[in-house]
Amino acid sequence: MNILITGVSAGFGKAIATDLVEQGHTIIGTGRRQHKLDELKTKLGDNFIPLCFDISDISATKTALQSLPADLLNNLDVLINNAGLALGLDSADKADITDWQTMINTNTLGLVNITREILPVMVAKNDGFVINISSIAGNYPYFGGNVYGATKAFVTQFSLNLRADLVGKNVRVTNIEPGLCGGTEFSNVRFHGDDERAKKVYENVDYITPQDIANMVSWLISQPKHININRLEVMPTAQTFAGLTVHKG
Ligand SMILES: NC(=O)c1ccc[n+]([C@@H]2O[C@H](COP(=O)([O-])OP(=O)(O)OC[C@H]3O[C@@H](n4cnc5c(N)ncnc54)[C@H](OP(=O)(O)O)[C@@H]3O)[C@@H](O)[C@H]2O)c1
């Protein structure tokens, strides 16, 4: 299969790309850091095609896609919208507005832009699969989750609405909603490079790993074409729900 994965320079995307190349698929892998994409190219070889651009930039996204060979672009089987980030964990009255804008521009605008570019290809061949990486942050509020959680709630609802629009078409959509996953750069990015603080998030916790997510993606794309998994919400066993908060004066 021909599979485009956004955000393969780290974390989930890197693990997914590695597994899928090993399984014999052709992967177009994106990210902003050319040197990370080059490292992956060296490791994965000819079946990995790096594409360096900022997904929050609409025209950069279009230009990057147009640079692909037409027969590859027009024969995409799977789009995995994985690129995304959380920035900050402050309450809404203290959060950095530019962090909010970056999350919105990356997690929601970037994701819808690339989906709108690729979807007509899948509809034209009446065959395709869009996998969106959302988060449980879109399902359950938590302190400091404010805009990050809102962007992921957007991704989740967008996935469900895509299913509605694709009525009668053989194009599948799955929304993956992971909880706490370690072994990625997620918290290092969230805490603006404060690696000590990031490390603490995963201390003494048996968290989900990028390999676990890659296994789920492999399972999803191996399902027969008449099966659509709408949503896949997954948390580590160590993580569960908090009660509602009541502040007593
Ligand atoms: N880790 C978790 O606990 C967790 C839980 C639930 C959901 N998620 C979601 O899972 C996805 C992957 O997260 P991860 O944990 O693997 O994080 P990660 O290790 O930080 O990887 C994020 C990837 O997204 C790319 N990216 C970020 N901003 C981008 C932009 N503007 N343009 C292009 N690429 C961009 C990064 O590449 P460059 O930096 O090279 O651009 C990187 O490859 C995200 O959508 C995240 O919200 C993560």
Side-chain angles (χ1 to χ4, degrees), residues 4-13 16 28-33 51-65 76 78-92 95-122 128-166 171-179 181 184-187 189-192 213 217 230-234:
L4 193 156
I5 311 170
T6 66
V8 299
S9 49
F12 300 171
I16 297 166
I28 302 155
T30 87
R32 288 165 301 178
R33 287 169 294 174
L51 210 52
C52 189
F53 63 96
D54 183 337
I55 200 155
S56 67
D57 181 336
I58 303 177
S59 67
T61 302
K62 280 185 190 243
T63 306
L65 291 177
L76 272 182
V78 184
L79 167 65
I80 304 178
N81 281 318
N82 164 73
L85 77 176
L87 289 170
L89 198 60
D90 289 327
S91 62
D96 183 332
I97 191 71
T98 57
D99 281 353
W100 279 9
Q101 288 161 354
T102 303
M103 288 188 279
I104 292 166
N105 289 340
T106 309
N107 301 356
T108 62
L109 262 183
L111 184 142
V112 299
N113 286 336
I114 196 161
T115 305
R116 181 63 184 81
E117 290 294 317
I118 303 294
L119 210 52
V121 165
M122 294 182 175
F129 197 168
V130 178
I131 298 176
N132 290 332
I133 309 291
S134 183
S135 168
I136 60 160
N139 304 346
Y140 311 106
Y142 62 85
F143 186 95
N146 42 65
V147 166
Y148 176 65
T151 64
K152 292 302 186 177
F154 178 103
V155 172
T156 297
Q157 193 62 24
F158 182 59
S159 302
L160 299 175
N161 280 342
L162 279 178
R163 286 285 299 139
D165 286 5
L166 290 164
V171 179
R172 298 181 283 171
V173 183
T174 297
N175 195 60
I176 305 184
E177 302 156 24
C181 304
T184 78
E185 297 178 3
F186 181 82
S187 291
V189 172
R190 173 168 240 171
F191 299 134
H192 296 282
I213 300 293
V217 169
N230 298 335
R231 307 172 67 157
L232 200 56
E233 184 185 282
V234 51

Exercise for the section: Can you tell me which residue pairs pass the side chain to side chain donor-acceptor pair (under 3.5 Å) test with a partner in residues 137-146, sequence neighbours excluded? Expected result: W100-N146, N139-E177, N139-E233, Y140-E233, Y142-R190
Exercise for the section: Flag the pair N175 / N230 as yes when at least one side-chain heavy-atom distance between them is below 4.5 Å, and no otherwise. Expected result: no
Problem - Pair D54-S56, side-chain donor/acceptor within less than 3.5 Å - result: yes
Exercise for the section: Please report the shortest heavy-atom distance between R163 and V171, naming the atom on each side. Expected result: NH1-O, 3.9 Å
Fill in the blank from the handout: All heavy atoms of T115 vs all of L162, minimum pair found to be CG2-CD1, 4.1 Å
Handout entry: Close side-chain approach of I16 to I213, heavy-atom, < 4.5 Å
Key = yes
Problem - CD1-OG1 distance between I136 and T156, expressed to the nearest 0.5 angstrom - result: 11.0 Å
Problem - Check: S159/N132 side-chain N/O donor and acceptor closer than 3.5 Å - result: yes
Practice task
Rounded to the nearest 0.5 Å, what's the gap from CD1 on I97 to OG1 on T102? Could you check?
Solution key: 10.0 Å
Handout entry: Residue pairs fulfilling salt bridge (charged side-chain N to carboxylate O under 4.0 Å, His left out) with at least one residue in residues 110-122, sequence neighbours excluded
Key = K62-E117
Handout entry: Considering all heavy atoms, the nearest P178-S134 contact
Key = CD-O, 3.3 Å
Practice task
Name all residues meeting the ring pair (Phe, Tyr, Trp, His ring centres under 6.0 Å) criterion together with F186; count only those two or more places apart in sequence or in a different chain, and write none if there are none.
Solution key: Y148
Handout entry: Partner set under side-chain contact (heavy atoms from CB on, under 4.5 Å) for S91, not counting sequence neighbours
Key = D93, K94, F143
Handout entry: Any side-chain heavy-atom pair of V78 and V217 under 4.5 Å
Key = no
Practice task
Would you name the heavy atoms of F12 and C181 that are closest together and state the gap between them?
Solution key: CZ-SG, 3.4 Å
Practice task
Measure the CG-CD1 distance between L51 and I28 for me, rounded to the nearest 0.5 Å.
Solution key: 7.0 Å
Practice task
Could you tell me which residues satisfy side-chain contact (heavy atoms from CB on, under 4.5 Å) with I118, sequence neighbours excluded, listed by chain and number?
Solution key: L4, L65, L73, L76, L79, I114, M122
Practice task
Heavy atoms only: give me the nearest T6-T30 pair and the separation to one decimal.
Solution key: CA-OG1, 3.1 Å
Practice task
Assess whether side-chain contact (heavy atoms from CB on, under 4.5 Å) is satisfied between V130 and N81, documenting all intermediate values.
Solution key: CA-CA 7 Å; V130 178; N81 281 318; 3.9 Å; yes
Handout entry: Interatomic distance, T61 atom OG1 to I55 atom CD1 [nearest 0.5 angstrom]
Key = 5.5 Å
Handout entry: Min side-chain heavy-atom separation L111-F154 under 4.5 Å
Key = no
Practice task
For residues 137-161, pull every pair meeting salt bridge (charged side-chain N to carboxylate O under 4.0 Å, His left out), keeping only residues two or more places apart or in separate chains.
Solution key: none
Problem - Nearest-0.5 Å distance, CG of residue L109 to CD1 of residue I104 - result: 8.5 Å
Fill in the blank from the handout: Interatomic distance, CG@D99 vs NE2@H192, rounded to 0.5 Å, equals 3.5 Å
Problem - Smallest separation among heavy atoms of A83 and G7, with atom names - result: CB-N, 3.8 Å
Practice task
Measure the shortest side-chain to side-chain distance between I176 and N82 over non-hydrogen atoms and say whether it is less than 4.5 angstrom.
Solution key: no
